[in-house]
Amino acid sequence: MQKTHDLPRGITLRKDGRYQASYYFNGTRKYLYDMNLDALEVKLRNVRYEIDHGIFTKPERIRLDDWFSTWMNEYKAFELKKGTIENYKRNYRLYISPYLGNCYVKEIRAEHLQKLYNDLMRAGYSYGVINLCAGILSGMFTQLMRNDIIMKNPVKLANLPKKEKRPKRRVLTDSEQQLFLKYAASSNFYSLYRLALATGLRIGELTSLTWKDIDFENESLSVTGTLKYFKDTGFYKDSPKSESGNRTVPLLPSICKMLKHVRREQNKDRLSSGAKWKPVKGLEHLVFTTKNGEPLKKRTIAYDIDHITDEINENEKDIPHFEKFSPHTLRHTFATRALENGIPPKVVQDILGHSSITMTLDLYTHVLPKTKSTEILKIANLF
C-alpha cells in the first residue's frame, strides 16, 4: 500500500483501504473512490475532462440516450473503425433507444435489460443482433463504472438468449458452380462473380476495388479496404476487417484478361454516359460500378443472385432444386475448391486474409476428410 505522503495532490487514503479523490461541479464538492490508485486517477481525469468540455452531467440525471452520445463521441470516436461506429449507432437507434433511451442510467437494472433481450427475441431478431446490443450496453455501463457514476454493470446480470445453431455453410458443388456461371453470363455482375470465385474476396472487398489495386504486370490485386453503405452516411471505403485483411492476391491469366475487358467496357460506358456518369466523390475509379458509375450495394448483388437461381430452377427441370445462396457463398466456394485441389491451408489463409490458420481450418473442416485419404497415398511407396 502506498504511503499517505506519497499520494498525488487531492487524493487521500481512507481507513477502509479505499482511495478518495474530490472535484467540484457547480460549486459543490463531489467524491470518487477506488481501491486502486491508478484507476482512481483515471476516473478523476475523465470527470475533469468532461467538466472542462461541458459534457459532464449530474450522475442521477443522465439519460441513456444522452450517455450513448457522450460515450460514442468522447470515448469511441477515435478507437473504432468508421463502419463499426455507424453499425453501433444504427443498432442503438433501432433496438435500444426505443426501449431504454429515456431512462436514467442509475435506474436501469438487470431486469430491464432482460426484458429488452426477451422482447427482441420474441420479435424475431437474431442472436447476433441481441448480442451486439448487449455488447454496446456493456461498453456504455463499463465506462459509467469507470467514471464512478454507477457501482455495478447491470449487463453482466442479465442472461442472453441461447445462441441458435449455425445453419450448415452453403458451398456450391463443382456442377453448381459451372451452372451458376453459365446462367450468370448475361448478368451485369458476371465479371464480379468470376473474380469472387477465383480469389475468395469478400463482397465488400470486391466492390471497393479500384483500378489502381489491379497489377496487370504481376498478375495480382491488392486488397486495401472494404466498401460500406449506410443510409445516413452513404458509400465510403473503410479499412480492412483486420490487419491481415491488407493483402496481395494472385490472379489467374484468364482473370487478368477478363479485367482488361471490364476496363475497356467501362471506359466506353463513361464516354457514352457523359453527364449521366456520376461516381461518388472519392470513389471515382472503382472496378465494378452501376451503368452510371455509382458503387454497388451488397443487396443489389444478392437480388441478382436470387434472380439467377430462379432462372436456373425454371429452366433446368432435370436437376435437383438449385438452393439459393448469399454473396458470401462465393467466398466459401473458392476456399473449398482451393483446399480440394491441394492448395496448402496456409496459402488459402493468406489469400482469404484470415488472421490465423486456426480460423481457416475451423471454417473448412468439411473439406479435410475428403482430402486426407488422397494425401495419405503420397507415402504409399514407403510401406
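A quick note: this is a predicted structure, and the numbers were derived from the prediction, not measured. Here, residue 1 is the first one in the sequence, and each next residue gets the next number.
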Without swapping roles, check the side chain of Arg18 against the backbone of Tyr33 for a donor-acceptor pair under 3.5 Å.
no
Would you say the side chain of Leu201 lies within less than 4.5 Å of the side chain of Leu221, judging by non-hydrogen atoms?
yes
Hey, what else clusters with Leu286 if you join Ile, Leu, Val, Met, Phe, Trp, Tyr whenever side-chain heavy atoms sit under 4.5 Å?
Leu227, Tyr229, Phe235, Val280, Leu283
Rounded to the nearest 0.5 Å, how far does OH of Tyr19 lie from CZ of Arg14?
13.5 Å
Near Lys76 NZ, under 6.0 Å, is it more than 12 heavy atoms from other residues, nucleotides or ligands?
yes
Verify, without hydrogens or angle tests, whether Asn218 (side chain) and Ser220 (backbone) share a donor-acceptor contact under 3.5 angstrom.
no
Relative to the ring of Phe325, is the ring of Phe322 parallel (under 30°), tilted (30 to 60°) or perpendicular (over 60°)?
tilted
Under the criterion salt bridge (Lys or Arg N to Asp or Glu O under 4.0 Å), I'd like the reasoning laid out for Asp269 against Lys291: C-alpha separation, chi angles, the key distance, then a yes or no.
CA-CA 7 Å; Asp269 288 341; Lys291 281 293 184 181; 3.7 Å; yes
Out of curiosity, does Val42 fall in the hydrophobic cluster containing Leu13 (side-chain heavy atoms, cut-off under 4.5 Å, transitive links)?
no
Mind checking whether Leu120 and Tyr127 sit in one hydrophobic cluster, side chains of I, L, V, M, F, W, Y counted as touching below 4.5 Å?
yes
Describe, in one word, how the ring planes of Trp71 and Phe68 are oriented to each other, choosing from parallel (under 30°), tilted (30 to 60°) and perpendicular (over 60°).
tilted
Is there side-chain contact between Asn73 and Phe78, with heavy atoms separated by less than 4.5 Å?
no
So Glu316 and Tyr183, side chain to side chain donor-acceptor pair (under 3.5 Å) or not? Walk me through it.
CA-CA 11 Å; Glu316 301 289 335; Tyr183 276 84; 2.6 Å; yes
Does a side chain donor of either Asn159 or Tyr117 reach within less than 3.5 Å of an acceptor in the other side chain?
no
Does Phe216, at its CZ atom, have more than 12 non-hydrogen atoms belonging to other residues, nucleotides or ligands within less than 6.0 Å?
yes
Polar contact flag, side-chain donor to acceptor under 3.5 angstrom, Thr224-Ser222
no
State whether the side chain of Thr336 and the backbone N or O of His332 hold a donor-acceptor pair below 3.5 Å, judged by distance alone.
yes
Please determine, by modelled atom types, if Tyr75 and Asn147 share a side-chain donor-acceptor pair under 3.5 angstrom.
yes
Decide whether Asp304 and Tyr193 meet the rule of one side-chain donor and one side-chain acceptor closer than 3.5 Å.
yes
Does Ala39 offer a backbone N or O that forms a donor-acceptor pair with the side chain of Arg146 under 3.5 Å?
no
Lys82/Asp238 salt bridge by N-O under 4.0 Å criterion
no
Regarding Asn292 and Thr290, is there a side-chain donor-to-acceptor distance under 3.5 Å anywhere?
yes
Below 4.0 angstrom, N of the basic side chain to O of the carboxylate: do Arg63 and Asp66 qualify?
no
With distance as the sole criterion, is a donor-acceptor pair present between the side chains of Gln143 and Trp67 under 3.5 Å?
no
Cluster companions of Leu157 among Ile, Leu, Val, Met, Phe, Trp, Tyr (side-chain spacing under 4.5 Å):
none
Are Glu205 and Lys237 ion-paired here, with the side-chain N under 4.0 Å from a carboxylate O?
no
Regarding Asp34 and Lys43, does a basic nitrogen lie under 4.0 Å from an acidic carboxylate oxygen?
yes
